[in-house]
There are 2 protein chains.
Amino acid sequence: MPSRPSRERAAKVTLNDVAMVAGVDRSVVSRVINGDPNLSVRQETRQRVLDAIDRLGYRPNAAARSLRTARAYMFGLVIPDFANPVYAEIIKGAERAAGNLGYGLMTASSGGVQLGLAHHLALLGQGRVDGLLFAGEETGHELEQLRTSAVPWLLVNRRIEGSRRYVVLDDERGSGLAVEHMVALGHRRIAHLAGPEGADTARRRRAGYTAAMTEAGLNPDPRHVVHADYTSDGGAAAMTALLRIEPRPTAVVVANVASAVGALHTLHEAGLSVPGDLSVIAIHDMPLAGHLVPALTTVRMPLGRLGERALELLATSNLTDDITEVVTEPVDVVVRASTAPPR
Amino acid sequence: MPSRPSRERAAKVTLNDVAMVAGVDRSVVSRVINGDPNLSVRQETRQRVLDAIDRLGYRPNAAARSLRTARAYMFGLVIPDFANPVYAEIIKGAERAAGNLGYGLMTASSGGVQLGLAHHLALLGQGRVDGLLFAGEETGHELEQLRTSAVPWLLVNRRIEGSRRYVVLDDERGSGLAVEHMVALGHRRIAHLAGPEGADTARRRRAGYTAAMTEAGLNPDPRHVVHADYTSDGGAAAMTALLRIEPRPTAVVVANVASAVGALHTLHEAGLSVPGDLSVIAIHDMPLAGHLVPALTTVRMPLGRLGERALELLATSNLTDDITEVVTEPVDVVVRASTAPPR
DNA sequence: TCAAGCAAGTCAAACGATTGTCTAACGAGC
DNA sequence: GCTCGTTAGACAATCGTTTGACTTGCTTGA
């Protein structure tokens, strides 16, 4: 009868221990575990090995395995801030893709600890992960360090000057659709509450806004573009600034949901009705949007797919390959209650 | 002049390579890097070593180091869902604490991939991390597996039957304060929009609600306690149910912010005013709360401190120690616009 | 002059797993 | 009875670091 009884101590059990108990060489145990096709064993021996593993509660040592095989079966993802729900979607997508490939994914944030990229590279060094995804706010200067690193890396959701390894979304199209939605409703004075001036995503969304305005035959008033920092506070402040402009815009395309939350709050405080006095649309969709007051119309971007694709590319690329991909999957407008024709 | 020029290839550089270039034994390089006090070396030699490291772009191999020292200088944290902002605060706290101790923290989610704890244990096995924090939704059954694991672990923000290793917040006090706030405003029919029935945090918050109601001489109507699942959708549905009760409560203590978002939305749809018709307070504070419409009164709980403390305890505990700590740090009411005296 | 002491390193054995190469035993075929 | 081919597993090198023990050549004190 196979030994079902409780496994033993939590002490360190190695391949050698298992081999002793099973009465075989440790190489046999290793091959049994890994299903090595070169191994031939009797069924009975194999069972002895499996029983020993079970009874001792053996767990392979990841460090030893990584050292020997030069693979960690683990990828890393560095994001700026866990509180930003945009990254949650990206992480989920990347985790899904990693799981499908039989890998794990570990995420760390660069924002909290002010130690920067160098810290992460030191920690993640070699041997800990097989590749690194950066969805962060690293400067070009910091990325310089990546060049001397032996682990494959890839920028997610942002490009950086001089880098030829990135995956991004079609942000131009995202804000373009937002503008088109407003235009279709009959708006002509459409403002843009943009992201931080330095950010690549903000730049691309702004470009999409401008292009779509021009395409619609509207000449965007330069005062109608204000920058915020992708936070609720920033969005609130920027909206306050927008409200001072005469004539006031009748619609605003907000660069992300967090800013839109702040913007809606400002409008409420100012006694303005949405969408009565002003229509609001934001880039990126997420569950929160549907529950805001009023429910927020958004442009749904394939953030999960972005994370997924980034990981796939990372897993299959050489360190020296160029990777410059735009994930164009579905981008569409989710119409809710915050947009309507102008009065 | 020290060699400033560009570092070289991204190929694999080992301690041996550095030793060759510097003309010393690899043990010297190792000791220089790690600041071994037993080493005595001439300043000039040390500099040769440092130059070689710099020139070759050497980065220590984490796997080899972990294998040899049996320490990974890395902790792991498993959460159920990155989209839940409550965990963001916990993660940040834990990352901070890890950084202070010279460790890294890697976070993974258990929810996305439906592989469960076993998968994570296999991946994180031995040698990859020095300890594991679980802020998740593991069942007691799953935790059984932890018992055979050699890596120290700790439950965060939840207890589980039979486990003596956890850190939690004072959730009783949190919802107690919420009730007291409502009572102080003059409310008497105070409902509780609770969390999922099975969840430990929900149970404790509910207990705090009941105790505070009793303490205030109010006999809580059992129909005034409804359960939701900590999501916006759940909160919306539960609020709908609450509104059907006669006489209607004048105040509601919501178990978390996500549910409160859904609840506010339901109230808005129902044409009820907050706080005019109903006052709303939620457990946990976060930036979003201040920007909702209306701005949400909350009970601020020290989530960051919880993560921080959990990591500290994990780092300093033996696998066999009991750890049963309640983080009681500041818990206070953040008054915003969603609560007022009853009409 | 000699031993002791110190400075400046060197040597080599681990850590735990993987994997290419070997070997012993056995049965089949002639 | 002998060779050959399999089967079933054993052997041992290796991955890159760390670290206790050891060596070598000087200096110093008596």
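Note that the structure is a prediction, hence the values are computed from the model and not measured. All chains are named by letter (A, B, ...) in the order of the sequence lines, taking the proteins before the strands, and each is independently numbered beginning at 1. No hydrogens, no waters, no symmetry mates; every other heavy atom, side chains included, goes into these values.
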Side chain to side chain contact (heavy atoms under 4.5 Å, CB included) between B/Val32 and B/Val28, intermediate numbers included: CA-CA 6 Å; B/Val32 164; B/Val28 174; 4.2 Å; yes

Interatomic distance where CZ belongs to B/Arg128 and P belongs to C/dC15 [whole Å]: 21 Å

Whole angstrom value for the distance that separates P of D/dG16 from CG of B/Leu56: 14 Å

Nearest-Å distance for atom pair CE/P, residues B/Met20 and D/dG16: 14 Å

For atom CD of A/Glu44 and atom P of D/dA8, their distance in whole Å: 11 Å

Polar side chain donor-acceptor pair, A/Ser27 to A/Asp25, under 3.5 angstrom: yes

Protein-nucleotide distance (B/Arg59, atom CZ; D/dC15, atom P), rounded to Å: 22 Å

Out of D/dT17, D/dA8, C/dG16, whichever nucleotide has its closest atom nearest the side chain of B/Asn61: D/dT17

Separation of atom NZ in B/Lys12 from atom P in D/dT17, rounded to whole Å: 10 Å

Donor-acceptor pair (no angle test) under 3.5 Å: B/Ser40 side chain, C/dA7 base: no

Sub-4.5 Å side-chain heavy-atom contact between A/Ile160 and A/Asp200: no

Candidate list A/Ile91, A/Ile90, A/Val156, test side-chain contact (heavy atoms from CB on, under 4.5 Å), partner A/Leu133, passing option: A/Val156

Side-chain (B/Arg165) to main-chain (B/Asp321) donor-acceptor, under 3.5 angstrom: yes

Sugar-phosphate, base or nothing in reach of B/Thr45, heavy atoms under 4.0 Å: sugar-phosphate

First of A/Val24 and A/Leu67 reached from the 5' end of DNA chain D, by closest nucleotide: A/Val24

Under 4.0 Å protein heavy-atom contacts per nucleotide of nucleotides 18-29 of chain D, with B for base, S for backbone only and - for none: BBBB--------

Sole residue of B/Asp17, B/Thr14, B/Asn16 in side-chain contact (heavy atoms from CB on, under 4.5 Å) with B/Arg26: B/Asn16

Atom-pair distance (CZ on B/Arg42; C1' on C/dG9), nearest Å: 9 Å

Side-chain donor-acceptor contact under 3.5 Å, A/Arg71 with A/Tyr103: yes

Whole-Å distance separating the CG atom of B/Leu39 from the P atom of C/dA7: 12 Å

